[in-house]
Amino acid sequence: QVQLVESGGGLVQAGGSLRLSCAASGRTLSSSAMAWFRQAPGQEREFVVTITWRSSTYYANSVKGRFTISRDNAKNTVYLQMNSLKPEDTAVYYCAAPSRIYSGDYFFTEPSDYAYWGQGTQVTVSS
């Protein structure tokens, strides 16, 4: 069973930075694709970024150039560095893992592509 635990959310002013962490158990992240999604109140869950097992990355246009995904294999943890935060980045952020390991370099951007989710961490950006 894959378990994901996010941390690092909080309240920050516009223009500030936060780093989210997603610690995994039950799967070696170095061999797995991972992703971050977010969900604002009253809105659908939205794709943010994904990283393949080969460390290829794909970002949503809304965060490109401001957010960076990375992975620490020794800690089995994925990070999301968020810079130049805007009020519209306010949401609950979730990390996600697919149901299985894929040998290819695929970018999965739909929530239905992922079977395992963390509990979420709140990010609030004040103007």
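One-based numbering along the sequence shown.
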*With no hydrogens and no angle check, is any side-chain donor or acceptor of T28 less than 3.5 Å from a backbone partner on S30?*
no

*Hey, what do you get for OH (Y114) to CZ (F47), rounding to the nearest 0.5 Å?*
6.5 Å

*Evaluate side chain to side chain contact (heavy atoms under 4.5 Å, CB included) for L4 paired with W117, printing each intermediate quantity in order.*
CA-CA 6 Å; L4 305 173; W117 296 85; 5.7 Å; no

*Verify the cluster assignment for L20 and Y58: are they in a single hydrophobic cluster under the rule of side-chain heavy atoms below 4.5 Å apart?*
no

_Treating Q119 as the side-chain partner and V5 as the backbone partner, does any N or O pair qualify as donor plus acceptor under 3.5 Å?_
no

*Kindly indicate whether the side chain of F107, heavy atoms from C-beta on, has any atom under 4.5 Å from the side chain of T52.*
yes

*asked:* For I69, is there any backbone N or O sitting under 3.5 Å from a side-chain donor or acceptor partner on Y59?
replied: yes

*Would you give the length of the straight line joining atom CZ of R71 to atom SG of C22, rounded to the nearest 0.5 angstrom?*
11.5 Å

*Transitive ILVMFWY side-chain link M34 to L80, under 4.5 Å*: yes

_D72 side chain to T77 backbone, donor-acceptor under 3.5 Å_ = no

_Heavy-atom side-chain proximity of L18 to Y93 below 4.5 angstrom_ = no

*Is the backbone N or O of Y79 less than 3.5 Å from a side-chain atom of S21, with the two atoms forming a donor-acceptor pair by type?*
no

*Tell me, please, whether Y116 has R27 positioned over its six-membered ring: NZ or CZ under 6.0 Å from the ring centre and within 45 degrees of its axis?*
no

*N83 to S17 - nearest heavy-atom pair and separation*: OD1-OG, 2.9 Å

_Applying side chain to side chain contact (heavy atoms under 4.5 Å, CB included) to Q81 and S70, what does each step give before you reach the verdict?_
CA-CA 8 Å; Q81 178 66 44; S70 61; over 6 Å; no

*asked:* Measuring from atom CD1 of I51 to atom CG of D105, what distance do you get when rounded to the nearest 0.5 angstrom?
replied: 10.0 Å

_Within the structure provided, determine whether M82 and V123 are in side-chain contact (heavy-atom separation under 4.5 Å)._
yes

*Show your working on ring pair (Phe, Tyr, Trp, His ring centres under 6.0 Å) between Y102 and F108 and close with a plain yes or no.*
CA-CA 11 Å; Y102 292 88; F108 299 116; 4.8 Å; yes

_Please tell me whether V92 and F37 are part of a single hydrophobic cluster in this structure, the criterion being side-chain heavy atoms less than 4.5 Å apart._
yes

*Considering all heavy atoms, the nearest R38-S62 contact*: NH2-OG, 3.5 Å

*What is the minimum heavy-atom distance between P98 and S32, and which atoms define it?*
CD-OG, 4.0 Å

*Heavy-atom closest contact (G26 atom, V2 atom, distance)*: O-CG2, 3.9 Å

*Determine, stepwise, if the pair V78 / W36 fulfils side chain to side chain contact (heavy atoms under 4.5 Å, CB included).*
CA-CA 9 Å; V78 171; W36 287 94; 3.6 Å; yes

_Sidechain-backbone polar pair: E6 side chain, G120 backbone, donor-acceptor under 3.5 Å_ = yes

*Can Q122 and T90 be said to form a side chain to side chain contact (heavy atoms under 4.5 Å, CB included), step by step?*
CA-CA 8 Å; Q122 176 71 46; T90 295; 4.0 Å; yes

_Where S127 and P87 come nearest, the two heavy atoms and their spacing_ = CB-CG, 3.8 Å

*Are side-chain heavy atoms of L85 and F67 found at a separation under 4.5 Å?*
yes

*Look up atom CG in N76 and atom CG in L29, then write down how far apart they are to the nearest 0.5 Å.*
4.0 Å

